[in-house]
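Let me begin by presenting the structure, written as structure tokens, before commenting on it.
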Amino acid sequence: MAALLEVKNLVTEFPRHGAAPVKAVNDVSFSLEKGRVLGLVGESGSGKSVTGFSIMGLVDAPGRVAAGDIFFNGENLADLNAEEMRRLRGRHIAMVFQDPMMTLNPVLRIETQMTETLLAHEKMDRAEARARARDALGMVGIPSPEERLSAYPHEFSGGMRQRVAIAIALLHSPELIIADEPTTALDVTIQAQIISEFQRLAEERDTAVIWITHDLAIVSRLADDIAVMYAGRLVETGPVAQVLTDPRHHYTRGLMDSVPSQNTRGALLKQIPGMTPSPANLPSGCSFHTRCGGADGLCTKLPPEIWEGERSYRCVHPLGARALDAITGEAVS
Amino acid sequence: MSETNEVMEKAPKMPLVQARDVTRRFGATPDLAARIAISAGAAEPPAVVYALDGINLSVARGEVLGVVGESGCGKSTLGRIVAGILPPTDGEIRWKGEPHHKLKGRARKAADLAAQMIFQNPMAALNPRMRVESIVAEAPRAHGLIEGSVSDYVDEHLRMAGFDPAMKKRLPHEFSGGQRQRVNIARALAVKPEFLVCDESVAALDVSIQAQIINLFVKLREELDLTYMFISHDLGVVEHISDRVVIMYLGRIVEEAPVEEIFARPNHPYTQALLAEIPRIEPRKRRFEAIKGEIPSPLFPPKGCHFHPRCPFAHARCRVEVPKLKPVAGDHLSACHLNDEAAAGA
């Protein structure tokens, strides 16, 4: 089966005065099948959100997608004009942002904002659109949806607003949802509620999801596949069960060790030294080599993408890699 | 005065800081005209939030007390009151056994300097127009703590916080979040504190930087014999760093226990629900289960046990009677009516 989304060698760059442009996303390739959840993980400035924006065609000028192809349902998005892209966005690919106030217009009633989306994409009358909007609110767990339709965004709590944003994203049952840190700003118990609603709805509709986050714990429970980004590049990809039990890249291992847990109580965490390099001034070769414990002279050259069954990584000194012929594609469990 | 203090410090089990029946209300105080209007029934009394409602708590010297709760539970207010930068409405804070509000003059100054806060947003806590060296030097200089070279004093404290003194002439905006937080830590350390209140101090940082700052806190505790109150919504972080944990919900403490105990045998239904959501890396797909309902507004908290509208075990008594914080085992305290019934049934 052809993949629903295929990103090939994507480069998104932002120009600078009197210097080479900054490559926020650098040679990123991945694919996603129907009904799968991909966790796109990275820290601030790793390019994970810009990757999402690039797929949506929402990179603001002067930033631009400088190279690479994005195929959605076999169609190259670069070939679409603005009008065709507008029809795709919202209906076939939807996005949920970290801050629901970014999605919601503060001076319009929820009803107006929801029916607007429906009427823009589908032929229906207002009463029908209203009924669809009401059902969508009910589905994401908003009590008394009929009354809440006429409320304004500020009358909702943060968690409820995010539910509204998710309801809007789901209105057209899109094939792909890009969720950019949708629960980061929420309280722990509310976060769990939102993820559980999201998980249920995506499964029911066989929706593909790109879940962009810095939180490995969420990805480990929610996603099928994981892609780890560092300084604009994908450094490791593969099924969650393989990558998070037996990571190959030192950065993935470092991120996992940075998460405190019961096993580390009283001890020091294994920290990654230094900090993320500025994208304007990246080290040569593997961008992580300046912070990596296993780096040597080889790492100043860009490592090739190494494939091992379903997983890939860019590291010349991979962790835990056995002889390549011994590797099966089976999940390590 | 100093003698009695020394004796007290040597006495075993003397808590460093204690909160006794601390209540903190926020809301407008009506003026005379408004009071008359209210008593005549012509106006509504102003809305009052009980950010803290009868908190009793003590922090022993050298321990790390973790305070966990969600938005609006009063954890930050508690931190401010314990650090002495916000007075309680009712109740009192005792610093080394002395009521804080009765301390005067030099003793008051010493107590205030000894308790320092480290905030969530490192940029908001730094004056954007002051260079790092002035930020760190300002307080110790004003209080006459520096003997010898100011520059050496600043360097020493920046180094303690893992910040390269070569960069001390720069301004806060030139640094990343992690480095700014190190400057905040150096600023707090510069007045030789005994007690640090860390209010979500690592929440705004990236995962790898968060681990560095947590390690720094652990190292400083050993080197400088510090006591911490570590306020966070992140149970993983609290579990890692704390000796004892307090769980708060809407202005009240619902459970308090040593860290192993609370994570092994959570008693309160709210704690149990929180622990079910503890962030762990466990690579197998599973459903997220969640407690139902929203966090109620602190303006209109539910009657009885604040948690009852969301509690799967709530019954009639929970809706009317506020449960008391009572021991369930040793130094494990919990505020839940179910414990009484379990005890009665046994």
Side-chain angles (χ1 to χ4, degrees), chain A residues 37 43-45 141 157-160 186-200 214-224 226 239-245 251 254-262 264-276 291 331-333, chain B residues 64 68-73 175-179 202 204-216 218-219 233-243 259-260 263-264 270 273-297 310:
Chain A
V37 179
E43 297 184 276
S44 321
S157 66
M160 282 296 162
L186 304 176
D187 273 312
V188 192
T189 55
I190 308 300
Q191 169 169 313
Q193 291 173 358
I194 299 280
I195 299 179
S196 100
E197 295 288 349
F198 200 92
Q199 211 173 11
R200 181 174 59 81
H214 67 276
D215 192 332
L216 279 176
I218 292 182
V219 165
S220 73
R221 285 169 59 177
L222 177 70
D224 301 296
I226 182 171
V240 166
Q242 293 179 28
V243 173
L244 290 184
T245 46
Y251 179 61
L255 271 187
M256 290 171 66
D257 288 340
S258 296
V259 180
S261 74
Q262 69 202 112
T264 62
R265 188 186 299 153
L268 288 182
L269 294 167
K270 279 189 216 146
Q271 63 188 45
I272 307 176
M275 50 185 179
T276 320
R291 302 174 73 188
V332 185
S333 51
Chain B
V64 179
V68 180
E70 298 181 280
S71 318
C73 73
F175 297 105
S176 66
Q179 282 177 306
V202 297
L205 306 175
D206 263 323
V207 190
S208 70
I209 307 301
Q210 183 174 320
Q212 294 176 358
I213 300 293
I214 292 172
N215 283 349
L216 177 63
V218 173
K219 267 188 270 184
H233 69 281
D234 186 333
L235 279 158
V237 171
V238 166
E239 182 179 19
H240 176 77
I241 202 166
S242 310
D243 300 318
V259 65
E260 295 86 5
F263 282 88
Y270 178 61
L274 274 184
L275 291 191
E277 293 313 324
I278 190 162
R280 298 216 191 284
I281 299 174
E282 33 185 12
R284 67 200 155 90
K285 223 172 163 173
R286 71 178 173 100
R287 222 160 238 312
F288 280 75
E289 299 293 346
I291 34 175
K292 300 273 178 290
E294 293 267 291
I295 303 164
S297 159
R310 303 174 75 190

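Owing to the predicted nature of the structure, the values given are computational and were not obtained by experimental measurement. Every chain is numbered from 1, with letters handed out A, B, ... down the list of sequences.
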*Under the salt bridge (Lys or Arg N to Asp or Glu O under 4.0 Å) test, which residues partner B:Asp243, sequence neighbours left out?*
B:Arg221

*When you measure from the side chain of B:Gln212 to the backbone N and O of A:Gly274, does any donor-acceptor pair fall under 3.5 Å?*
yes

*Which heavy atom in A:Arg221 sits nearest to a heavy atom in B:Ala276, and how many Å separate them?*
NH1-O, 4.2 Å

*Greatest number of heavy atom pairs closer than 4.5 Å to chain A - which of B:Ile241, B:Leu274, B:Val259*: B:Val259

_Nearest 0.5 Å, please: how far is CG in A:Asp187 from CD1 in B:Ile295?_
4.0 Å

_Toward chain A, the part of B:Ile214 with a non-hydrogen atom under 4.5 Å_ = side chain

*asked:* Nearest 0.5 angstrom please: A:Leu268 CG to B:Leu216 CG, how far?
replied: 10.0 Å

*Closest approach of B:Ala211 and A:Gln271, non-hydrogen atoms and distance?*
O-OE1, 4.0 Å

*Verify, without hydrogens or angle tests, whether B:Glu70 (side chain) and A:Thr189 (backbone) share a donor-acceptor contact under 3.5 angstrom.*
yes

*Top residue by heavy-atom pair count (under 4.5 Å) with chain B, among A:Gln191, A:Lys270, A:Arg200?*
A:Arg200

*For the student: nearest non-hydrogen atoms of B:Val207 and A:Glu43, plus distance*: N-OE2, 3.5 Å

*Taking all heavy atoms of B:Arg310 and all of A:Ile190, pick out the closest pair and write down the distance.*
NH2-CD1, 4.3 Å

*Smallest separation among heavy atoms of A:Ser258 and B:Ser208, with atom names*: OG-CA, 3.8 Å

*Between CD1 of B:Ile213 and CG of A:Leu269, what distance do you get to the nearest 0.5 Å?*
12.0 Å

*Contacting moiety of A:Arg291, where chain B heavy atoms sit under 4.5 Å*: side chain

*asked:* Could you measure the distance from the OG atom of A:Ser220 to the CD1 atom of B:Ile281? Nearest 0.5 Å is fine.
replied: 6.5 Å

*Is it the side chain or the backbone of B:Gln179 that comes within 4.5 Å of chain A heavy atoms, both, or neither?*
side chain

